[in-house]
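Worksheet: one structure, shown below.
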Amino acid sequence: MDAIAIRIAAALAPHLGLEPEEVAGLLEVPREAGRGDYAVPCFSLARRLRRAPAQIAAEAAAAASAAIAPGGLVRAVQAVGPYLNLWLEPATFAEAVLSEVALHGRQYGESRRGAGQRVVIDYSSPNIAKRFHIGHLRSTVIGAALVRLHRAQGYEVIGVNHLGDWGTQFGHLIAAWERWGEEERLAGDDPIGYLQELYVRHNRAAAEDPAYAERARAAFKRLEDGDPSARALWSRFRELSLREFARIYELLGVEFEQIAGESFYEDKIPHALELCAARGVSEWSEGALIIDFARHGHPGLPPMLLRRSDGATLYATRDLAAAIYRFETYDPAKILYVIGAPQKLHLEQLFTALRLLGFPAERCAHVAFGHVQGMSTREGTAILLDEVLGRAIRLAEERIRAGEVRVPAEQIERTARAVGVGAVVFADLRHRHLKDIAFDWDRIVRFEGETGPYLQYAHARLCSIAEQVAAVDPEAAAALVEFGREPLAPAQVGALLGAGRPIEPQLLVEPETFAVLRLVGAYPRTLERAAAELEPSVLAQYLLELAGAFSGFYHAHHVKNAEPAQRRARLALVHAVRHVLAHGLTLLGIEPLERM
RNA sequence: GCGCCCGUAGCUCAGCUGGAUAGAGCGGCGGAUUUCUAAUCCGCGGGUCGGGGGUUCGAAUCCCUCCGGGCGUGCCA
């Protein structure tokens, strides 16, 4: 919980006989005006304090009201039934919030909660030799956001791209190549498209004629057994794919600490299987090696296959070897699997297997998301990510050129890219992601309303205000030059804020201003919650609220044309909002723009 | 068959550790610019929170059940 919440809670905590941290956890913003700036519902305290909620609220309100001092943060406390409603002194609140921003500077919002702990995040993980389609976007952007959110909480994060670069699918590919492969086409300008075509063709053939399926299985077995020609082909296909993916990752601003596909764990599989055998977890059944969970106290869980009857390993085997490797190599506090909801059973099996083997499986979590419907590579119905991003960027560029062009000519391309990508990324991150979604062109490349470009626009506007204020009032800009940048010492903050100082908080008291400050003050706890709940959408929704509140302020009040003292105070607000917006957007993987 | 997930305004979604009169955006209609970016803002209309039952002082939120949709369920990943 952040300093602001604790400061607010501190006014009530002693009268409730609780610690400020506990009260801060209960703090909420009443839905309706007239019920205070904040409220503490007392229901959950009833049992602990052994009194009725309404009585708790009434007594605490009476005691807290009596203790209110002029100039303090809390201006009034009122019990309404079981609620403890409180009104803040806007000037004191403004000072409190802006002090926090000044104190932490560009690190405002971050914490060291996770310091000394490691987190492994397994995300993106596309299959090689297939095109990157819109269904792969989710794991990539959610995973990348979780990586950044955890770093902002002080964790050491190892982002792993667990490429699908092994398995029977390569049997299909190799078999297809050996049957139909044309060297010229692989050397052409769309090698991945060609590989995918081969794969699809072989898969279809296998569906009708079991002989093809058999050849695919045999080809993978050869690959796994180290057959040189199979290996050479595989390695070539893999290189071509990585080159293709690199382009997309660059566009999305995604970097991995480790690109370790399933093949990386090939030589780690024996260790995993030995462990299973040694602990008595695995057994042979119908010629295959399995873990029969029913015999280990998990009656409802279907068995997990570790080795097929022909001896080849499976996805599950490699995932198990990967998890063991990660536990033994990194000793992580968390391992997150950012993988679609359809794989829930598979991960449940994996986690249960790890527990049976004696690993702390409770540290593993499946960050699941609904799949994009109708995206099948095999059926050729997938919409390519390239296509989506390309279209979004093109539309963004048209938009920039259509109106009054504020972007310098040499920046238009870059800006269009940021806006287009921002729209697509935000469209994916803005909601909780368990529900399946139907792909919709119009929705994903929208620039108005609750979108990425809306946030970028708010940010650009903030930059523009700051720039223009600096032009008309260089003294104001100079006075605030340290605010929101490097973290400041308390004495420096004191010199910056207060009556007669550069930033006078008593000038930041209008309702629209208060609404903005309340959100700025809530940023640290929002980041904490987004990371703890593994939900980038928590941050996305918050940023929409903040940008909305700022737009309300913008239309109600002027910065540039205000009186000098007022202008400085509002400029500080502008800096603070700009910082939070830029920081939050960056965490989501969206570039904050200065002009658009 | 069994298991899991989802169902809130015409559409897309917030709200879900139970709590005050269920909120946004899009779309529709009507407005706002002699001043900092109209990719903005303000207003209006729009809901038996899938149906039913239960627990509770109180249910969109928890439990049961039914309906609808999706996914998974031993040799794919």
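Proteins come first, then strands; the chains are lettered A, B, ... in the order of their sequence lines, and each starts at number 1. Excluded from the calculations below are hydrogen atoms, water molecules and symmetry mates; all remaining heavy atoms, backbone and side chain alike, are included.
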Between [X] (side chain only) and [Y] (backbone N and O only), is there a donor and an acceptor less than 3.5 Å apart?
X: A:Thr451; Y: A:Tyr454; answer: yes
X: A:Ser139; Y: A:His136; answer: no
X: A:His366; Y: A:Ile339; answer: yes
X: A:Asp436; Y: A:His371; answer: yes
X: A:Lys130; Y: A:Pro126; answer: no

When we call it a touch if two heavy atoms are under 4.0 Å apart, what does [X] touch: a base, just sugar-phosphate, or nothing?
X: A:Met596; answer: base
X: A:Tyr454; answer: sugar-phosphate
X: A:Leu544; answer: nothing
X: A:Val419; answer: base
X: A:Glu512; answer: nothing
X: A:Leu314; answer: sugar-phosphate
X: A:Asp473; answer: nothing
X: A:Ser309; answer: base
X: A:Ile290; answer: base
X: A:Glu262; answer: sugar-phosphate
X: A:Ala368; answer: nothing

### Query
So does A:Glu413 have more than 12 non-hydrogen atoms from other groups sitting under 6.0 Å from CD?
no
Between [N] and [X], counting only base atoms on the nucleotide and side-chain atoms on the residue, is there a donor-acceptor pair under 3.5 Å?
X: A:Arg443; N: B:U12; value: no
X: A:Thr451; N: B:G25; value: no
X: A:Asn85; N: B:A20; value: yes

Separation of [X] atom [atom1] from [N] atom [atom2], in whole Å?
X: A:Asn127; N: B:A77; atom1: CG; atom2: P; answer: 10 Å
X: A:Arg461; N: B:C36; atom1: CZ; atom2: P; answer: 10 Å
X: A:His172; N: B:C75; atom1: NE2; atom2: P; answer: 13 Å

### Message
Check for me whether A:Arg518 meets the cation-pi criterion with A:Tyr38, that is, NZ or CZ under 6.0 Å from the six-membered ring centre and within 45 degrees of the ring axis.
### Response
yes
### Query
If you draw the axis of the six-membered ring of A:Phe447, does the NZ or CZ of A:Arg399 fall within 45° of it and under 6.0 Å from the ring centre?
no
For the rings on [X] and [Y], is their centre-to-centre separation under 6.0 Å?
X: A:Tyr123; Y: A:His162; value: no
X: A:Tyr337; Y: A:Phe351; value: yes
X: A:Tyr542; Y: A:Tyr523; value: yes

### Task
Output the single nucleotide from B:C13, B:C75, B:U37 whose closest atom is nearest the side chain of A:Ile437.
B:C13
### Message
Let's see if you can work this out: which of B:A39, B:C75, B:U37 has an atom nearest to the side-chain heavy atoms of A:Phe447?
### Response
B:A39
Can you tell whether the side chains of [X] and [Y] come within less than 4.0 Å, N to carboxylate O?
X: A:Arg401; Y: A:Glu397; answer: yes
X: A:Glu533; Y: A:Arg432; answer: yes
X: A:Arg295; Y: A:Glu283; answer: yes
X: A:Lys221; Y: A:Asp225; answer: yes
X: A:Arg414; Y: A:Glu591; answer: yes
X: A:Asp473; Y: A:Arg567; answer: yes
X: A:Arg595; Y: A:Glu467; answer: yes

In whole Å, what separates the [atom1] atom of [N] from that of [M]?
N: B:A9; M: B:C49; atom1: P; answer: 10 Å
N: B:C13; M: B:G18; atom1: C1'; answer: 22 Å
N: B:U40; M: B:C57; atom1: C1'; answer: 46 Å
N: B:C41; M: B:U35; atom1: C1'; answer: 16 Å
N: B:A22; M: B:G46; atom1: P; answer: 14 Å

### Query
Which residue lies toward the 5' end of RNA chain B, A:Pro453 or A:Val40, if each is placed at its nearest nucleotide?
A:Val40
### Task
Between A:Ala547 and A:Asp165, name the one whose nearest nucleotide on RNA chain B is closer to the 5' end.
A:Ala547
### Message
Looking at A:Arg35, I'd like to know whether one of its side-chain N or O atoms comes within less than 4.0 Å of OP1 or OP2 on B:U21.
### Response
no
Strictly under 3.5 Å: I want the nitrogen or oxygen pairs between protein and nucleotides 65-73 of chain B, one per line.
unit_1, atom_1, unit_2, atom_2, d
B:G70, O2', A:Asp436, OD2, 2.3

All N/O contacts under 3.5 Å from nucleotides 14-18 of chain B to the protein, with atom names and distances to one decimal?
unit_1, atom_1, unit_2, atom_2, d
B:A14, OP1, A:Arg432, N, 2.8
B:A14, OP1, A:Arg432, O, 3.2
B:G15, OP1, A:Arg432, NE, 3.1
B:G15, OP1, A:Arg432, NH2, 3.4
B:G15, OP2, A:Arg432, NE, 3.3

## Note on the structure
Any stem touching RNA chain B, meaning at least three consecutive Watson-Crick or G-U pairs under 3.5 Å, ordered by first number, would be B:1-7 with B:67-73, B:10-13 with B:23-26, B:28-32 with B:40-44, B:50-54 with B:62-66
### Message
Applying ring-ring contact (aromatic ring centres under 6.0 Å, His included), can you list everything that pairs with A:Tyr212, at least two apart in sequence or on another chain?
### Response
A:His202
### Task
For each nucleotide in nucleotides 26-31 of chain B, reading 5' to 3', give B when a protein heavy atom comes within less than 4.0 Å of its base, S when such contact involves only the sugar-phosphate, and - otherwise.
S-----
### Query
What parts of residues 548-557 of chain A reach RNA chain B, counting only heavy atoms under 4.0 Å away?
A:Ser551, A:Tyr554, A:His555, A:His557
